[in-house]
Peer 1: 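Starting off with a structure, shown below.
Along the sequence shown, residues carry numbers from 1. Keep in mind that what you see is a predicted model, and the values were worked out from it rather than measured.
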Amino acid sequence: MKARARDFRHAGAMTRHDPENGPTRLTATDPRFWTVLALALVFLALGALFLAVPGAGALIYGIPEPAGSGRLALRAIGARDAALALYLAGLAAFASARAVAIVLTGSLVIPACDLVLILAAGTAAWWQVALHGASAGVLALTALWLGRPGAGSGPARPQARDAAASPLRMRGRKGRHAR
């Protein structure tokens with residue numbers, strides 16, 4: 001079967017549209033766009049804190065401030081958080097809501113591993129454990145919100161009718177397609 005040229009859409013098209021669920025790309029009118037950008041800003045601030053002042057980062061993370069080369073590990077956490085922020089901001093601006101949801105879902109590994117590490121170390125206070133748990137919860141809930149079809153700011157759309165039974169598709173057809 002030969003594919004038609006219109007079956008292939010440019011990956012960078014600015015106006016991608018799903019006929020059943022509306023636009024698939026996040027826009028400035030969609031509250032999910034601003035939620036993802038807010039998350040990106042939080043992770044960028046955390047990353048900057050860990051990079052600039054590793055001791056303060058250690059306090060928030062839930063471990064004692066290491067001396068010497070141990071501070072490099074804290075800076076690596078900062079680089080990880082800054083990279084996540086940039087991924088999220090870039091995806092929110094240029095990719096689909098589904099792509100952002102997939103990255104957020106994959107990013108749940110970060111707070112999960114952080115929780116395992118601080119619990120194994122036994123150095124975290126209750127609020128530091130809660131902070132990592134809340135981070136996981138926010139990532140998961142945002143991923144679920146983004147992954148829901150039609151969850152944007154527009155009005156709910158009625159379910160599409162069966163295309164084969166559509167009177168518009170039936171008009172002018174005879175033979176095996178008529179009912």
Side-chain angles (χ1 to χ4, degrees), residues 7-51 57-63 73-74 76-121 124-163:
D7 289 340
F8 298 97
R9 300 180 204 271
H10 187 292
M14 294 303 289
T15 56
R16 286 177 278 171
H17 190 269
D18 178 356
E20 290 183 17
N21 300 316
T24 57
R25 191 170 77 83
L26 295 174
T27 63
T29 59
D30 190 337
R32 299 175 303 168
F33 173 80
W34 297 105
T35 301
V36 172
L37 285 186
L39 271 176
L41 188 60
V42 167
F43 281 106
L44 189 61
L46 281 172
L49 176 70
F50 275 86
L51 288 168
L59 175 67
I60 291 172
Y61 191 81
I63 57 173
L74 291 173
I77 292 170
R80 174 199 71 186
D81 287 350
L84 177 59
L86 296 175
Y87 297 153
L88 291 177
L91 287 170
F94 300 110
S96 68
R98 183 172 185 229
V100 181
I102 290 168
V103 168
L104 284 170
T105 302
S107 298
L108 286 169
V109 170
I110 295 170
C113 288
D114 288 348
L115 272 169
V116 168
L117 291 171
I118 65 168
L119 290 173
W126 69 268
W127 65 269
Q128 293 159 324
V129 174
L131 192 62
H132 291 288
S135 175
V138 168
L139 290 176
L141 290 174
T142 306
L144 286 171
W145 187 28
L146 286 161
R148 282 188 34 223
S153 61
R157 297 173 188 261
Q159 291 294 325
R161 296 181 359 194
D162 181 15

Peer 1: Find the distance between OG (S96) and CG (L146) and round it off to the nearest 0.5 Å.
Peer 2: 9.5 Å
Peer 1: What's the shortest heavy-atom distance between L39 and L139, and which atoms?
Peer 2: CD1-CD2, 4.4 Å
Peer 1: Can you name the closest pair of heavy atoms from A143 and A101 and give their distance?
Peer 2: O-CB, 3.5 Å
Peer 1: If we ignore hydrogens and angles and just use 3.5 Å, is the side chain of H132 paired with the main-chain N or O of A112 as donor and acceptor?
Peer 2: no
Peer 1: Who pairs with R98 by salt bridge (Lys or Arg N to Asp or Glu O under 4.0 Å), at least two apart in sequence or on another chain?
Peer 2: none
Peer 1: Closest approach of A140 and L108, non-hydrogen atoms and distance?
Peer 2: N-CD2, 3.7 Å
Peer 1: Where the side chain of R25 meets the backbone of A93, is there a donor-acceptor pair that is under 3.5 Å apart?
Peer 2: yes
Peer 1: Looking only at heavy atoms, what is the nearest atom pair of I60 and Q128, with distance?
Peer 2: O-CG, 3.8 Å
Peer 1: Enter the distance from L46:CG to R80:CZ here, rounded to the nearest 0.5 Å.
Peer 2: 9.5 Å
Peer 1: To the nearest 0.5 Å, tell me how far L91 CG sits from L26 CG.
Peer 2: 9.5 Å
Peer 1: Indicate the atoms forming the closest heavy-atom contact of A92 with V100, along with that distance.
Peer 2: N-CG2, 3.9 Å
Peer 1: For the CH2 atom on W126, are there more than 12 heavy atoms of other groups (residues, nucleotides or ligands in this structure) within a distance under 6.0 Å?
Peer 2: no
Peer 1: Taking the side chain from W145 and the backbone from R32, do they hold a donor-acceptor pair closer than 3.5 Å?
Peer 2: no
Peer 1: As an exercise, state the distance from CG of L44 to CG of L86, rounded to the nearest 0.5 Å.
Peer 2: 6.0 Å
Peer 1: Without swapping roles, check the side chain of T142 against the backbone of V138 for a donor-acceptor pair under 3.5 Å.
Peer 2: yes
Peer 1: Measuring only between side-chain heavy atoms, which start at C-beta, is S107 closer than 4.5 Å to F43?
Peer 2: no
Peer 1: About how many Å separate CG of L41 and CG of L88, when rounded to the nearest 0.5 Å?
Peer 2: 11.5 Å
Peer 1: Specify the closest pair of heavy atoms between Y61 and D114, including all atoms of both residues, with the distance to one decimal.
Peer 2: OH-OD1, 2.8 Å
Peer 1: Measuring from L115:CG to I110:CD1, what's the distance to the nearest 0.5 Å?
Peer 2: 12.5 Å
Peer 1: Applying side chain to side chain donor-acceptor pair (under 3.5 Å), can you list everything that pairs with D81, at least two apart in sequence or on another chain?
Peer 2: none
